[in-house]
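First the structure, in the form of structure tokens, and then the observations on it.
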Amino acid sequence: MNKIIVLKFFLCLNMSAFSQSNEITYFHRSNSNIIDPNGNRFIIQATNVSCWLYQENYIFGGAQNVHKITSENLNKILGTNAYGNFSKQMMENFITEEDIRLMKKMGFNSVRVGFSAESFDNDSTKKVLFSTLDNLLPTFKENNVAIILSMIHATMPQNTLWVSNYTKGATVLWDSEEAKLKTAAIWSEIAQHYKDEQIILGYDLLNEPNITRKRENELIDLYQKITTSIRKYDPNHMIIYEGNSYATKLDALSKYDSLLDSNACYQFHFYSWFGNKIEKQLPKHIESADLKQRPIFCGEFGINRLSAIKQQVDLMNNTREMDGWAMYTWKSIELTTTKEEKKRAPYYGKWIFIPFEDLHMSVLQFHMNNEMRDVMDWLTNVKGSKKPSVETTVNVIEKIINAVGVKNCKIDKTHIEALGLKFN
């Protein structure tokens, strides 16, 4: 009898061990570290992807304004569904299996994928967004490139810059309870859809939120609403909270940390265009995260001189408390150094106060000729631009779709080296 009891005991132990070894695990927080599904500390080395699941005019050499302007102008020329078709084609062509394999070869282990809440306005556009990402999940998994899902455009602008779809006089997210609830509902749908996907590193709830310090508790309140909506369906994936003031200040997160999800990390952004110095900013961010034992990473930096990019990466890599970074951006227009280019929108050199010749925007660059640039100028309301013909516009849209393919892009190897990566 005793032998039978002992045998059953060891059988239960073995079954328990087997069950644990086959348990699905996800990226998660362990104190101040990010842990991957294999149980190892994970340091994010990511690239941002713009113009795949949402559009930004300046990536194509257009003016710095909301894509709604481009949509209205393109539809005027080619018909009601023209911009919708263009966006769909971008989803199909801007990032492909080749891009993901190339990311892996360059040394990136993750990618911050931006999307717009607009895609959830109807079932058709929502279906396109999900299927676009779903079709490439096997390739992300095959290459061990993790995905950070980031809401770039909320249901209403989360700040008052064109990057969040803000136009003068528009209602912002913070002044609309309906928009807040809709934003939370969208994340609920995303959580239901991806709750079982291990390759998803985390949910980046809101890109660069900005609300006055007197009201910053409302940011935390919204984060709570969104987190609750996610946790109804997905108890496992990590939540990523960006700081206030366009993700440049983390003190509000630290102050209200007890109200935030336990399986979460902090994210900040850093651009040195206005004289900001990372050696002064980084210790402040680290202090905010360290107080609460939270992982912390830089979700955006770059579009700069190579020397500045290298300095910033080296500092982050050598800071023990840092859990990684995501450079901006993967793919953009190739900028020439001609006098004509320097006079074209969006006037990159003036915008970010960096000599044109020293500016590095992305690690992959696609070429757009003068005809393509002229059409983009008109579509984005550049002063003095001329309305193109229907035939010219059709041809240019087709050329742009073709130009963004990996095989037609130049690789900026010096940019890769500045990031401390090696192109294998």
Side-chain angles (χ1 to χ4, degrees), residues 27-36 38-48 103-112 144-146 148 201-202 204 238 240-243 245-251 253-254 264-330 352 354 358-363 412-424:
F27 287 91
H28 62 277
R29 168 206 179 191
S30 177
N31 295 319
S32 60
N33 295 325
I34 296 173
I35 306 299
D36 70 17
N38 295 318
N40 302 311
R41 187 186 180 196
F42 189 81
I43 303 296
I44 295 168
Q45 291 186 317
T47 178
N48 279 270
M103 290 174 189
K104 182 66 174 181
K105 286 182 179 178
M106 290 181 182
F108 293 108
N109 61 17
S110 41
V111 56
R112 184 169 176 259
N144 290 317
V145 176
I148 299 167
L201 188 151
D204 181 1
M238 192 165 61
I240 300 168
Y241 297 118
E242 295 192 26
S245 301
Y246 302 92
T248 64
K249 295 179 180 176
L250 302 182
D251 52 335
L253 299 182
S254 183
C265 71
Y266 293 172
Q267 180 190 154
F268 69 90
H269 293 180
F270 178 83
Y271 291 105
S272 64
W273 307 330
F274 305 105
N276 298 325
K277 296 184 182 299
I278 194 167
E279 59 269 24
K280 291 184 178 180
Q281 296 291 109
L282 189 56
K284 297 177 183 178
H285 297 322
I286 294 297
E287 181 181 8
S288 293
D290 216 28
L291 281 171
K292 305 300 177 181
Q293 284 287 288
R294 292 282 188 179
I296 178 175
F297 74 99
C298 179
E300 287 187 26
F301 76 101
I303 312 184
N304 212 317
R305 299 177 177 88
L306 287 184
S307 57
I309 292 170
K310 185 178 187 309
Q311 180 222 358
Q312 292 160 18
V313 169
D314 287 348
L315 182 58
M316 289 189 285
N317 285 346
N318 292 322
T319 301
R320 181 181 54 81
E321 296 88 351
M322 279 291 295
D323 294 277
W325 45 261
M327 61 82 64
Y328 209 90
T329 185
W330 173 245
I352 52 185
I354 294 167
D358 296 339
L359 183 60
H360 288 256
M361 287 180 60
S362 59
V363 292
D412 188 346
K413 293 184 178 179
T414 57
H415 197 159
I416 298 168
E417 291 172 2
L419 292 167
L421 303 176
K422 292 183 179 180
F423 184 22
N424 297 320

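Computed from heavy atoms alone, side chains included, the values below leave out hydrogens, waters and symmetry copies.
Using a 4.5 Å cut-off on side-chain heavy atoms (C-beta onward), Ile148 and Phe297 make contact. Side-chain contact between Trp330 and Val363: present, with at least one pair of heavy atoms (C-beta onward) separated by less than 4.5 Å. For the pair Ile303 and Leu359, the minimum side-chain heavy-atom distance is below 4.5 Å. Contact of the Met238 side chain with the Cys265 side chain is registered, since non-hydrogen atoms from C-beta on lie closer than 4.5 Å. Looking only at side-chain heavy atoms (C-beta outward), Leu282 and Gln312 stay at 4.5 Å or farther from each other. Residues His415 and Leu306 form a side-chain contact, since some pair of their non-hydrogen atoms from C-beta on lies under 4.5 Å apart. Counting only heavy atoms from C-beta outward, the side chains of Arg294 and Leu253 never approach each other to under 4.5 Å. Under the 4.5 Å side-chain criterion, counting only non-hydrogen atoms from C-beta, Ile309 is in contact with Phe301.
Annotation: the span from Asn317 atom CG to Leu419 atom CG amounts to 9.5 Å, rounded to 0.5 Å. How far CD of Gln293 is from OG of Ser30: 9.5 Å, rounded to the nearest 0.5 Å. Distance OG/Ser362 to CE/Met327: 7.0 Å, rounded to 0.5 Å. One distance of note links OH of Tyr266 with CG of Leu250; it measures 7.5 Å at 0.5 Å rounding. The distance from the CG atom of Asn304 to the CD atom of Gln311 is 9.5 Å, given to the nearest 0.5 Å. Distance check: Asp290 CG to Glu287 CD gives 8.5 Å after rounding to the nearest 0.5 Å.
Using modelled atom types, no side-chain atom of Asp204 and backbone atom of Glu242 make a donor-acceptor pair closer than 3.5 Å. Asn109 places a side-chain N or O within donor-acceptor distance of the main-chain N or O of Gln45, the cut-off being under 3.5 Å. Between the Asn38 side chain and the Asn40 main chain, no donor and acceptor come within less than 3.5 Å of each other. Side chain of Asp323 to backbone of Ile43: no donor-acceptor contact under 3.5 angstrom is found.
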Checklist entry - Would Ile278 and Met316 satisfy side chain to side chain contact (heavy atoms under 4.5 Å, CB included), going step by step from the backbone distance to the final call? => result CA-CA 9 Å; Ile278 194 167; Met316 289 189 285; 4.1 Å; yes

Checklist entry - Does the pair His360 and Thr414 meet the rule for a side chain to side chain contact (heavy atoms under 4.5 Å, CB included), with working shown? => result CA-CA 9 Å; His360 288 256; Thr414 57; 3.9 Å; yes

Next on the checklist: Between Lys310 and Glu417, is the side chain to side chain contact (heavy atoms under 4.5 Å, CB included) condition met? List the steps.
Outcome noted: CA-CA 8 Å; Lys310 185 178 187 309; Glu417 291 172 2; over 6 Å; no

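Between Glu300 and the choices Trp325, Tyr246, Tyr328, Tyr271, the side-chain hydrogen bond (donor to acceptor under 3.5 Å, both in side chains) rule is met once, by Tyr271.
Under the 3.5 Å distance criterion, with hydrogens and angles disregarded, no donor-acceptor pair is assigned to the side chains of Asn276 and Gln281.
When every heavy atom of Gly107 is checked against every heavy atom of Leu421, the shortest pair comes out as O-CD2, 3.9 Å. Here the closest heavy-atom approach between residue Ile240 and residue Gln267 is recorded as CG2-NE2, 3.3 Å. When every heavy atom of Lys422 is checked against every heavy atom of Ile416, the shortest pair comes out as N-CG2, 4.5 Å. Between Ser288 and Ser254 the shortest heavy-atom distance is O-OG, 3.3 Å. Taking both residues in full, the closest heavy atoms of Pro295 and Asn33 are given as CG-O, 3.5 Å, listed atom of the first, atom of the second, then distance.
Using the six-membered ring where Trp is involved, His285 and Phe268 have ring planes that are parallel, under 30° apart on the 30 and 60° scheme.
By the neighbour-count criterion of 12 heavy atoms within 6.0 Å, atom NZ of Lys104 is densely surrounded, having more than that number from other residues, nucleotides or ligands.
Ion pairing of Asp251 with Lys284 is absent here, as no side-chain N (NZ or NE/NH1/NH2) approaches a carboxylate O to less than 4.0 Å.
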